[in-house]
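Presented below is the structure to which this report refers.
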Amino acid sequence: MVVIPSVGARRHAEKVAAWGADAVIVQGGEGGGHTGDVATTVLLPQVVDAVDIPVVAAGGFHDGRGLVAALAYGAAGIAMGTRFLLTSDSAVPDAVKSRYLEASVRDVTVTTAVDGLPHRMLRSDLVETLERAGRARSLLHALRRAAGFRKLSGQSWREMVRDGLALRHGRALSWSQVLLAANTPMLLRAAMVEGRTDLGVMASGQVAGVIEDLPSCAELVGRVMAEAEGVLRGLGPGATG
Ligand SMILES: Cc1cc2nc3c(=O)[nH]c(=O)nc-3n(C[C@H](O)[C@H](O)[C@H](O)COP(=O)(O)O)c2cc1C
């Protein structure tokens, strides 16, 4: 089995390398927002210099220029999340893909309003409502909000507490956050599987703001490789001649 953990800090990369990971994915703050806010351009060279295993760059990549830049930093390759989500092969409902395509860079935000943990997602009415309501300050507030989410998810209270406890493991979450955190996977499912753009959470990298089309995965990979080769040829000997 090949093990490639995803990390957002140099010390985490050093730790997983010491544990024997085969490679490491370094995700900058442009990506999911949950692994830290250091930008890929700062984090990637830092990790490349720190570990001897292959480093895969993630967070903000969508084209061949980015691939070449990552290789120049010393990465072994790139991983793309949002870009593959926005392909014709992706099973995400069309209404959801449209929301991503319409988004500008400013429409993608990192928020802790859903469950107290940072996640990057499209700014939607749900997110704005939650941010206005503020983070759950009291257990009563959290219980009310969790009850609303529970209706949507169909989860039992017992299942919610079990999932919340699993998420709490190793983190300093309050009991209010435990209740809300248990709902996050259901909120993701509401949007990404059921197409409920009004009631769900649409996880996204910042790069959604510059993506405007839905190629197939094969077209996308071919395009990225062709662009990268074009850039490398342009940089090669005689390019200025
Ligand atoms: C819809 C969506 C769901 C994701 N879910 C998770 C997740 O559950 N756990 C995780 O570690 N990363 C998750 N990610 C982050 C990706 O694994 C990847 O690191 C990130 O998308 C890379 O940044 P990019 O979107 O700029 O390419 C998710 C990304 C997207 C777009």
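Not measured: the values here are computed from a predicted model. Each ligand, and each atom within it, is numbered from 1 in the order the structure gives.
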- Looking at T112, T111, T109, which hits side-chain hydrogen bond (donor to acceptor under 3.5 Å, both in side chains) with E131?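 Among T112, T111, T109, the one that satisfies the side-chain hydrogen bond (donor to acceptor under 3.5 Å, both in side chains) with E131 is T111.
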- CD on E102 to CD on E212, rounded to 0.5 Å: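 Output value for this atom pair is 12.0 Å.
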- What distance do L214 atom CG and D94 atom CG have between them, rounded to the nearest 0.5 Å?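 Rounded to the nearest 0.5 Å, the CG-CG separation comes to 8.0 Å.
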- Give me the one residue out of L187, L85, T197 that meets side chain to side chain contact (heavy atoms under 4.5 Å, CB included) with M192.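 Passing option: L85.
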Show the short N or O contacts, below 3.5 Å, that ligand 1 makes with protein N or O atoms; if there are none, say 'none'.
| from | atom 1 | to | atom 2 | distance (Å) |
| --- | --- | --- | --- | --- |
| ligand 1 | 11 (O) | H34 | NE2 | 3.1 |
| ligand 1 | 12 (N) | H34 | NE2 | 3.4 |
| ligand 1 | 19 (O) | Q27 | OE1 | 2.9 |
| ligand 1 | 25 (O) | T82 | N | 3.0 |
| ligand 1 | 25 (O) | T82 | OG1 | 2.5 |
| ligand 1 | 26 (O) | G60 | N | 2.7 |
| ligand 1 | 27 (O) | G81 | N | 2.8 |

- Item | All side-chain contact (heavy atoms from CB on, under 4.5 Å) counterparts of E229, not counting sequence neighbours |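 R233.
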- Item | Salt-bridge contact R189-E194 (side-chain N to carboxylate O under 4.0 Å) |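 E194 and R189: salt-bridged.
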